Amino acid sequence: MRRPVAVRVVGPVQWIVIPALITVAVTIVLATPVELFGLRLPEPIIPMVLAFAWPLIRPSIIAPLVLTLLGLFLDVFLGAQGALGMWALALLAIYAVVLGSRAFLIGQDTAVLFVWYAACCGMAFLLSYLIVTVKAGNPPSLLSLIGQVVPTLLLFPIANGMIERFDDGDVRFR
């Protein structure tokens, strides 16, 4: 006699809505004007974690819509120096690249995923840098760009944790 298998269904609320709300909250907290020893809090682009992890967890129609909203939120909240929609475009570019290479990336080692995450973040920051440069007429500070790129790259363990947690969350998709 076979024992019943418990099916753990992970819906969009668990892997899309809750992480998106956490991302908004953490972005707001990190944007507070707090200084410790003359240093300000880092301002990473936290939705890049979601743009990288979501297509590897499960392709969805809802994820690009939420990424667009998160990108528009970043543009408004951080005072978009570029065009409105700059971060939405950058996040959707990451989502598209990872979705296109999903077959290759599924089941890869963490080091390979980090290289892809770093490349995707680099592409998104380059895209946003070029948009700001063209829109403003002069390039932004490279030090401030590095001050955003490095903390964003340090968020990779969160993306990897999401992928490991939700990858096999629903046995119906195995």
Side-chain angles (χ1 to χ4, degrees), residues 10-34 40-102 105-106 110 112-133 135 140 144-167 169:
V10 177
V13 171
Q14 286 84 17
W15 66 277
I16 291 182
V17 175
I18 293 173
L21 293 175
I22 290 171
T23 298
V24 169
V26 172
T27 300
I28 292 170
V29 167
L30 288 177
T32 56
V34 174
R40 295 187 52 146
L41 292 174
E43 290 185 14
I45 305 300
I46 301 168
M48 284 193 191
V49 169
L50 304 178
F52 183 78
W54 283 346
L56 292 177
I57 293 170
R58 186 178 318 141
S60 169
I61 294 175
I62 299 170
L65 296 174
V66 174
L67 285 174
T68 302
L69 292 175
L70 287 172
L72 293 174
F73 164 75
L74 283 175
D75 286 334
V76 171
F77 187 73
L78 298 177
Q81 295 176 355
L84 185 64
M86 175 187 71
W87 284 118
L89 178 66
L91 294 174
L92 290 174
I94 291 174
Y95 188 87
V97 166
V98 175
L99 185 63
S101 57
R102 183 177 192 273
L105 291 174
I106 294 289
T110 303
V112 174
L113 291 179
F114 177 73
V115 169
W116 274 81
Y117 176 76
C120 288
C121 286
M123 174 198 63
F125 277 111
L126 178 65
L127 179 65
S128 63
Y129 185 83
L130 292 175
I131 290 172
V132 170
T133 301
K135 183 76 174 174
S144 63
L145 177 70
I146 292 170
Q148 253 186 338
V149 171
V150 171
T152 304
L153 290 176
L154 292 176
L155 294 175
F156 173 73
I158 297 171
N160 192 42
M162 281 184 64
I163 293 167
E164 289 177 358
R165 178 175 178 198
F166 293 119
D167 188 28

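Start at 1 with the first residue, then count along the sequence. Since this is a predicted model, take the numbers as computed values, not measurements.
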Is there a side-chain contact between [X] and [Y] (heavy atoms, below 4.5 Å)?
| X | Y | answer |
| --- | --- | --- |
| F125 | L145 | yes |
| I45 | L78 | yes |
| L84 | V76 | yes |
| W54 | I62 | no |

Between [atom1] on residue [X] and [atom2] on residue [Y], distance to nearest 0.5 Å:
| X | Y | atom1 | atom2 | value |
| --- | --- | --- | --- | --- |
| W87 | I131 | CH2 | CD1 | 9.0 Å |
| C121 | L126 | SG | CG | 12.5 Å |
| L99 | L105 | CG | CG | 10.5 Å |
| L21 | I16 | CG | CD1 | 11.5 Å |
| E164 | L113 | CD | CG | 8.5 Å |
| M123 | L127 | CE | CG | 7.5 Å |

Could you pull out the closest heavy-atom pair between [X] and [Y], with the gap in Å?
| X | Y | value |
| --- | --- | --- |
| L50 | P19 | CD2-CB, 3.7 Å |
| E43 | Q148 | O-CG, 3.0 Å |
| V97 | C120 | CG1-SG, 4.0 Å |
| A31 | F77 | CB-CE2, 3.3 Å |
| L67 | L91 | O-CD1, 3.7 Å |
| F52 | I163 | CE2-CD1, 4.1 Å |

Test side-chain contact (heavy atoms from CB on, under 4.5 Å) applied to Y117 and V98, step by step
CA-CA 9 Å; Y117 176 76; V98 175; over 6 Å; no

For the pair D75 (side chain) and G85 (backbone), establish whether a donor and an acceptor sit closer than 3.5 Å, ignoring hydrogens and angles.
yes

With sequence neighbours excluded, what pairs up with [X] under the side-chain contact (heavy atoms from CB on, under 4.5 Å) test?
| X | result |
| --- | --- |
| P44 | L30, P42, I46, P151, T152, L155 |
| A124 | M48, A90, I94 |
| I18 | V13, I22 |

